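All of these numbers come straight from a predicted model, not from anything done at the bench. Below, read A as the first sequence line, B as the second, and so on, with proteins coming before strands; counting in each chain starts at 1.
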Amino acid sequence: MVATVQLGEKNTAGGTFTDKTSGTIKFRDNDSASTDNANPIVIPASSSVFSYEKWLRGKITVAPSVEITNVEFYMDGANGFGTGVSLWAKAVTSFLTPAKPSSSTGFTNAFTYTSGSPLTLGAGPYSSTAEIADHAVLAMEVASTATQGLTPSETATLEYDEI
Amino acid sequence: MLGWLLNARKVDTGLVSHVADWGEWRRVTEADGTLHAFSRAANVTVMPDGRTRLFIRTAIVKNMQTGRTRTRRMVVAELDGVRLYVLEGKLLLSTADHRITDGIGAIMTPLPPRDGNVYTHGLKECPLVKLTMTDGKLILHKRDLA
């Protein structure tokens with residue numbers, strides 16, 4: 001069988017994994033995989049605020065014939081979220097309870113991670129049914145210049161090699 | 001199924017040592033190191049003429065708002081740093097490390113190329129590695145196939 005890899009979101013202190021392969025990933029003002037309209041990020045009067053982090057990770061649910069290697073994460077290279085909205089990213093090995101960052105220190109502009117320069121999550125090899133590689137940790141920053149409402153959609157890609 | 005795989009290959013070498021299922025593709029490793037990938041769209045062989053790899057690259061492309069996800073796969077065959085990419089009915093010979101969504105599709109050649117053709121375009125720095133189309137099969141090699 002070709003391997004099945006889910007792209008999931010992890011929440012709460014226990015790191016509960018929610019499969020988001022076919023689901024919406026919604027940046028919020030609380031630590032939740034929910035996609036409802038509660039806990040929106042409130043546009044500040046000045047400066048900027050952050051969403052809670054989104055801890056994304058790949059998970060093998062059907063093992064590969066041999067192994068998976070070279071796990072990478074990247075965006076499409078252009079911030080389509082609109083004025084005043086930024087997205088930050090970093091790779092983290094060990095899970096921590098998703099928090100609300102106070103600054104972008106330690107993060108990199110997520111849109112600099114492209115197909116030509118992806119965020120490396122793990123070389124592998126990975127062969128068993130389990131979560132794999134580092135977490136891709138994302139946080140949205142919303143400045144006072146942002147426009148209220150749902151942000152336009154963006155595309156994220158998880159890519160890996162398999163033999 | 002295994003018999004079909006053996007009959008489908010062009011180059012007669014040793015015994016099959018490993019078969020992997022990649023969904024629409026099958027990967028076969030022979031005892032002498034020859035690598036094959038088979039699908040309805042294309043058959044790819046990498047001769048053991050140097051450092052070889054054969055793998056499938058998968059991209060889970062996700063719209064974060066709607067949740068819509070598209071899974072795309074391309075086969076990558078490699079011989080001494082020269083890669084043959086096969087993606088959705090097209091091929092590319094390159095020394096670059098291409099991702100599925102980096103625009104590679106726009107610079108690929110539609111399959112099938114003409115039998116008997118040898119493709120080395122754009123690879124003047126690697127003149128010894130050749131891609132030959134024979135009997136509908138793509139063979140990445142350095143040795144003389146005659």
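The greatest number of non-hydrogen atom pairs below 4.5 Å with chain A, out of B/Arg57, B/Lys62, B/Arg53, B/Glu24, is found for B/Lys62. No other option in B/Arg68, B/Arg73, B/His98 has as many heavy-atom pairs under 4.5 Å with chain A as B/Arg73. The choice from A/Gly58, A/Gly116, A/Ala3, A/Pro118 that makes the most heavy-atom pairs within less than 4.5 Å of chain B is A/Pro118. Counting heavy-atom pairs closer than 4.5 Å to chain A, the top-ranked of the candidates B/Asn63, B/Val76, B/Thr66 is B/Asn63.
Contact detail for B/Ala59 and A/Thr157: the closest heavy-atom pair is CB-CG2, 3.8 Å. Taking every heavy atom of both residues into account, B/Thr101 and A/Tyr74 meet most closely at OG1-OH, 2.8 Å. Here the closest heavy-atom approach between residue B/Val61 and residue A/Thr155 is recorded as CG1-CG2, 3.4 Å.
One finds the OG1 atom of B/Thr58 at 7.5 Å from the CD1 atom of A/Ile68 (value rounded to the nearest 0.5 Å). Distance CD1/B/Ile60 to OG/A/Ser22: 9.5 Å, rounded to 0.5 Å.
Follow the hydrophobic side-chain contacts under 4.5 Å out from A/Ile60 and you never reach A/Phe95; the two are in separate clusters. Cluster membership check: A/Tyr52 does not share its hydrophobic cluster with A/Met140, using side-chain heavy-atom separations under 4.5 Å among Ile, Leu, Val, Met, Phe, Trp and Tyr. A/Val2 and B/Phe38 fall into different hydrophobic clusters, defined by Ile, Leu, Val, Met, Phe, Trp and Tyr side-chain heavy atoms under 4.5 Å apart, directly or through other members. Both A/Ile25 and A/Ile41 are assigned to one and the same hydrophobic cluster, defined by single-linkage of ILVMFWY side chains at heavy-atom distances under 4.5 Å. No chain of hydrophobic side-chain contacts below 4.5 Å, direct or via other Ile, Leu, Val, Met, Phe, Trp or Tyr residues, connects A/Val137 to A/Leu121.
Counting heavy atoms from C-beta on, the side chains of B/Phe55 and A/Asn70 never come closer than 4.5 Å. Using a 4.5 Å cut-off on side-chain heavy atoms (C-beta onward), B/Arg27 and A/Ile163 make contact. Using a 4.5 Å cut-off on side-chain heavy atoms (C-beta onward), B/Ile100 and A/Glu159 make contact.
Contacts between B/Leu54 and chain A at a heavy-atom distance below 4.5 Å involve the backbone alone (N, CA, C, O). A/Asp76 does not touch chain B: none of its heavy atoms, backbone or side chain, sits under 4.5 Å away. Looking at B/Arg70, neither its backbone nor its side chain comes within 4.5 Å of chain A, counting heavy atoms on both sides.
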